[in-house]
Amino acid sequence: MIKLGEKQELVVIKKVDFGVYLAQEQGDEEKVLLPAKQVPKDANVGTKIEVFIYKDSSDRLIATTNTPKIMLGDVRMLKVKETGKIGAFMDWGLEKDVLLPFREQTRKVKAGEEVLCALYVDKSGRLCVTMNVYPYLLSDSPYAKDDKVIGTVYELSDNFGAFVAVDDIYSGLIAKKELYGDIKIGDSVNARVISVKEDGKLNLSLREKAYLQMDADAEKLMKMIEDNGGKLPFTDKASPELIREKTCMSKNEFKRAVGRLLKEGRITIGTNTIEKK
């Protein structure tokens, strides 16, 4: 069986003026055209050729010796060439662009940007890409607890946090409580592996271990105080929501940073303010 969306080795069963027909073996009824400009010079009937199978503009199977940037089941970054009435057309390295349908977009995309996608076959038997990459990510990463990783945010959830494709291959999650700053779909993030779940998926954090993060948080807090004229208009008695909004720290992290600066004699704490000493 000739496999759509995959590379495979097929044999030349017939030569014509406009190319050669390929099949799995001589005598097979199922065949596919390899256009003349793609046919190796020394190809004859019986020659085996490695090709990728997709569909042309008339929805007919077509073979190419070129290797696309993405194959069936892969997750890759692709560039948006243009947008149209039915979706976005993505550059995957072949003459005919591949479609990213509107229903498969997790956010609106624009020409020129790169988007994390997975290649699949739609209900009509056509190759398309989707931004819903979760089912296509792997869970057998080489990473362990406390490893540093880089990934692409592909989905945001109010309940769970940010879903991340680590190395654009492996499944990871930054839980809501570990999420800081203005993170958007498509962002590349540096994270730390908190744990590896039984199913191999990665739990991630944008922050260092507490004893390492405390120093960075203390310096960040000191800079905020200095940038605000030497005074911060709230203390560690403020609500967790206010502290997170203003500092991108949890209340415990904020208290640890304040404690470090107090111990070093760099600040004083008033009733409703923290001031530089």
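What you are looking at is a predicted structure, and each value in this text was computed from that prediction instead of being measured. Index from 1, following the sequence.
- Annotation: side-chain hydrogen bond (donor to acceptor under 3.5 Å, both in side chains) contacts involving residues 159-175, sequence neighbours excluded, comprise Tyr143-Asp167, Thr152-Asp168.
- The two atoms that bring Ile62 and Pro35 nearest to each other are CD1-CG, 3.9 Å, heavy atoms only.
- Placement of Tyr136 and Leu78 in two distinct hydrophobic clusters is found when ILVMFWY residues are connected by side-chain heavy-atom separations under 4.5 Å, directly or transitively.
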Worked verdict on Lys197 versus Asn203 for side chain to side chain contact (heavy atoms under 4.5 Å, CB included)
CA-CA 7 Å; Lys197 297 170 68 176; Asn203 287 321; 3.4 Å; yes
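- Within a 6.0 Å sphere centred on CZ of Phe160, other residues, nucleotides and ligands contribute 12 heavy atoms or fewer.
- Considering CG of Leu94 and CD1 of Ile70, their distance stands at 11.5 Å, rounded to 0.5 Å.
- Checked against the 6.0 Å centroid criterion, the rings of Phe234 and Phe254 qualify as a close aromatic pair.
- Counting heavy atoms from C-beta on, the side chains of Ser139 and Asp199 never come closer than 4.5 Å.
- Note that the SG atom of Cys117 and the CE atom of Met90 stand 4.0 Å from one another [nearest 0.5 Å].
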Test side chain to side chain contact (heavy atoms under 4.5 Å, CB included) on Lys145 and Val196 and set out the steps.
CA-CA 7 Å; Lys145 187 176 184 295; Val196 181; 5.9 Å; no
Going through the checks in order, is the salt bridge (charged side-chain N to carboxylate O under 4.0 Å, His left out) test met by Lys184 and Glu113?
CA-CA 14 Å; Lys184 302 181 294 297; Glu113 72 172 310; over 6 Å; no
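- Put simply, the side chain of Lys176 gets close to the backbone of Asp158: a donor and an acceptor are under 3.5 Å apart.
- The closest side-chain donor-acceptor pair between Thr268 and Glu275, if any, does not fall under 3.5 angstrom.
- Leu119 and Phe102 are not part of a single hydrophobic cluster, where members link through side-chain heavy atoms under 4.5 Å apart.
- Looking at Glu82, its side chain never comes within 3.5 Å of a backbone N or O of Phe89 through a donor-acceptor pair.
- Here the side chains of Val164 and Leu202 are not in contact, with every heavy-atom distance at 4.5 Å or above.
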Determine, step by step, whether Ile49 and Val12 satisfy the side chain to side chain contact (heavy atoms under 4.5 Å, CB included) criterion, reporting the C-alpha distance in whole Å, the side-chain angles of both residues, the deciding distance to 0.1 Å, and the verdict.
CA-CA 8 Å; Ile49 305 175; Val12 178; 3.7 Å; yes
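- Hydrophobic clustering (ILVMFWY, side-chain heavy atoms < 4.5 Å, transitive): Ile169 and Met77 are in distinct clusters.
- Arg256 contributes atom CZ, which lies 11.0 Å from atom CZ of Arg260 (distance to the nearest 0.5 angstrom).
- When all heavy atoms are compared, the tightest approach of Leu22 to Ala63 is CD1-CB, 4.1 Å.
- When all heavy atoms of Ser188 and Ile150 are compared, the pair lying nearest together is OG-CG2, 3.6 Å.
- Residue Leu61 holds its CG atom at 7.0 Å from CD of Glu30, rounded to the nearest 0.5 Å.
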Walk me through it: do Asp28 and Ile13 pass the test side chain to side chain contact (heavy atoms under 4.5 Å, CB included)?
CA-CA 9 Å; Asp28 279 359; Ile13 60 170; 6.0 Å; no
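- One finds a salt bridge joining Asp91 and Lys69 here, because a Lys/Arg side-chain nitrogen approaches an Asp/Glu carboxylate oxygen to under 4.0 Å.
- Although no hydrogens or angles enter the test, the distance criterion places no donor-acceptor pair under 3.5 Å between the side chain of Glu226 and the main chain of Leu221.
- Ala43 approaches Lys15 most closely through the heavy-atom pair O-NZ, 3.2 Å.
- When hydrophobic clusters are built by joining Ile, Leu, Val, Met, Phe, Trp and Tyr residues whose side-chain heavy atoms come closer than 4.5 Å, directly or via intermediates, Leu4 is grouped together with Leu100.
- Aromatic ring orientation, Phe18 versus Tyr21: perpendicular (interplanar angle above 60°, classes split at 30° and 60°).
- A heavy-atom distance below 4.5 Å is found between the side chains of Leu34 and Val39.
- With rounding to the nearest 0.5 angstrom, the NZ atom of Lys277 is 13.0 Å from the CD1 atom of Ile225.
- Within a 6.0 Å sphere centred on NZ of Lys31, other residues, nucleotides and ligands contribute 12 heavy atoms or fewer.
- Between Val166 and Ser141, every side-chain heavy-atom pair lies at or beyond the 4.5 Å cut-off.
- By the 4.5 Å heavy-atom criterion applied to side chains, Ile183 and Leu206 are counted as neighbours.
- Within the 4.5 Å cutoff, the side chain of Met131 has no heavy atoms near those of the Leu116 side chain.
- For Glu253 and Lys220, the salt-bridge test fails: no basic side-chain N is under 4.0 Å from an acidic carboxylate O.
- Residues Val45 and Lys14 form no side-chain contact, since every pair of their non-hydrogen atoms from C-beta on lies 4.5 Å or further apart.
- Under the salt bridge (charged side-chain N to carboxylate O under 4.0 Å, His left out) criterion, the residue pairs touching residues 43-62 are Lys7-Glu50, Asp56-Arg60, Asp59-Arg126, with sequence neighbours excluded.
- Placement of Leu127 and Leu33 within a single hydrophobic cluster is found when ILVMFWY residues are connected by side-chain heavy-atom separations under 4.5 Å, directly or transitively.
- The two atoms that bring Ile53 and Val51 nearest to each other are CD1-CG2, 3.9 Å, heavy atoms only.
- Here the closest heavy-atom approach between residue Leu156 and residue Ala162 is recorded as CD2-CB, 3.6 Å.
- Note on ring orientation: taking the six-membered ring where Trp is involved, the planes of Tyr154 and Tyr134 are tilted (angle from 30° to 60°).
- In this structure, CD1 in Ile267 is found 14.0 Å from NZ in Lys231, a value given to the nearest 0.5 Å.
- With contacts defined as side-chain heavy-atom distances shorter than 4.5 Å, the pair Asp147/Arg192 does not qualify.
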